[in-house]
Amino acid sequence: MKMKWLSLKWVGRARDRVVAFVAFLIDHPKSTLTFYAILTISAIAVTTQLKFDTSVDVFFDHSTPVYVGSKQLDKQFGGREFCVVALTTDDVFTGKNLKLVADLSDRLAGMEYVEKVTSLTTVDDIVGEQDNFIVRQLIKEVPTDPAGLAALRRQALGNPLYVKNVISTDGKTAGIVVEIKDLPEMQGAHRQTVVRAIQDMLRKDIPPDVKASLSGGAALEYHYNTSLETDMAKFVPLSILMMAGILWFTFRRVRLMIYPMTIVSIGLIFTMAFMHLIGFKINSVTSIVPPCMLAMTVAESVHYVAHIVRSGMLGMDRRRLLIDKMHELAVPFFMTSATTVVGFLSLLTTKSPAIRQLGIVGAVGVTITIIVTMTLLPVLMKWGKFSLKETAAMDAQERKVDLWVAPIVEFIIRLIDRRRRAVIIGSVVLAMICVAGAFRIKSESSLLAQLGDGAPIVQSTHYVESHLSGVHLAYVSLRHEKQDGFKEPRNLGAIERVQAFLTTIPEMDKSMSVVDLLKDMNQSFHNEDKGFFRIPDTREMVAQYTLLYSGEDLEDYVDSTWSWAVVPFRLKEHSSGRLEEIFNQIRGFIRDHPEA
């Protein structure tokens, strides 16, 4: 009892100090309003500098082995962020169309932030003779005669390294793969720059008889974030408009509607400024802060305004009433805000930086808004006259609502009173159904699903995946304990078995590895005999081929010590649930086949 008494006494003292401070502000309205005006203008200036973070890194715990390994892989092999440009015509292998591919490839390669461009006109070709081969560009000059074009067509469609990568199986769609530099410090801004530039190029420079489609991880991310910005620009004003409508329905006076709107707007501005000041950016998670803040922080202002107006203020000391109502509502305001703040702070238990940011911003935003409510709203309401008409209008509005709300409430009360056992049993059953359903909820982060089938980028993605290959890039990373370990044919065979397993996955379109290049070298070294399209027989042959090979492709699949190899593979699956199943299948295969 003594502890409870002390607790209540402490709450009472805190409330009295807060109310005393509010009284001080009410007595100095001009100074208070000037202070808030300067602070709001400054916060607006800061808020205009708030930027969007379009990278996916903000969702991952940077200390986990998976994230660290992923960044190491990016640094070593690159190429994880890319776009695919698909150009479809009646026949790619014409002088005009090949020149278009060459021109676009050159211009794309010259763009800022572009790491590498792969297309029919940039890929290397291994040309063999007995006991030797040379590496040269597949198309050094575009053929002009029908015979040369026909030969090029046969050569390109006959090489598995090109098919479904830079050329479709029917020879009607050319693919241009644009790899973007990995620049974490730019937080995705450079990818947006590249995607916008590609879109402008395709819109202006593609002939009418050529169908151009753009997809890839970078393009999907760009369009997702663009739609996020667009939705935010629409939804926040819509939320404000809907809130204004509800407040008008409640108070039926513009002035009374403006009070709560002003408070929550200033609170939101301060919150967004806080985001920028502590280095946060808007991402797909924190983008929900503005509508959430508007919805969750308006109630206190409405309560205070309603209490003041209901009292009428006629024949009463306005200052005394404002202070008394704040004294009456201070503790309830604190408790409702505190529970919301605790709810937001609970998000700090997650490992995702984006969700933790939401927890911090949400908690601080609610705290800021309740402070603004308790310190600014009484001052604003001092500068206004209230009449019996406003009180009567509120009472009339409540009576209208009661006409249809009261019967419903009375019916529910009678039902509970007469059917207590049925209500309890029904509630328990409903709760059990809800709990069972909650355990069946699955996480889904597919950008295609979130953008919707009607989005042009989704349609382009489906087109690219049906004519070339999937645009979801993943890697199998394999390490050997010894230097030059992957020059051993036995270890190369392990990579080949991994690729063979990948072909059993229906959603897998294409994989590549150092094994594919070595097979091509082996065939070329034996005068293009297709019987030698296999892993070289000895370690010495592998070493000889790598010395002869002058292309830059090897570094995409194996490091300089030949102890780390990767198998990039492209999937036409975007559902996070199915992707998790696929990756678990691959991990299971590697676990069950340690020799692989």
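Only heavy atoms go into these numbers, but all of them, side chains included; no hydrogens, no water, no symmetry mates.
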Residues Asp170 and Arg153: closest non-hydrogen pair is O-NH2, 3.3 Å
Would you name the heavy atoms of Arg497 and Arg490 that are closest together and state the gap between them?
NH2-O, 4.1 Å
Does Asp559 reach the main-chain N or O of Trp564 with its side chain, forming a donor-acceptor pair under 3.5 Å?
yes
Is a side-chain donor or acceptor of Lys75 paired with a backbone partner of Asp182 at a separation under 3.5 angstrom?
no
Going by the angle between their ring planes, with limits at 30° and 60°, are Phe589 and Phe501 parallel, tilted or perpendicular?
parallel
Quick one: which of Ile495, Ile535, Val542 gives a side-chain contact (heavy atoms from CB on, under 4.5 Å) with Leu518?
Val542
Quick one: does Thr122's side chain have a donor or acceptor within less than 3.5 Å of a partner on Val117's backbone?
yes
Determine yes or no for a side-chain-to-main-chain donor-acceptor pair under 3.5 angstrom, with Ser469 supplying the side chain and Lys164 the backbone.
yes
Applying salt bridge (charged side-chain N to carboxylate O under 4.0 Å, His left out) to Lys482 and Glu488, what does each step give before you reach the verdict?
CA-CA 11 Å; Lys482 295 182 180 179; Glu488 291 287 351; over 6 Å; no
If you take all heavy atoms of Glu465 and His574, which pair is closest and at what distance?
OE2-NE2, 2.8 Å
Might you work through the salt bridge (charged side-chain N to carboxylate O under 4.0 Å, His left out) test for Asp200 and Lys204, ending with a clear yes or no?
CA-CA 6 Å; Asp200 290 341; Lys204 296 175 181 178; 5.4 Å; no
Where is the tightest heavy-atom contact between Leu202 and Ala212, given as atom of each residue plus distance?
CD2-CB, 4.3 Å
Has the side chain of Ser524 got a donor or acceptor atom that lies under 3.5 Å from a matching backbone atom of Ile126?
yes
More than 12 heavy atoms of other groups within 6.0 Å of Arg136 CZ
no
Check the orientation of Phe532 and His526. Use parallel for under 30°, tilted for 30 to 60°, and perpendicular for over 60°.
parallel
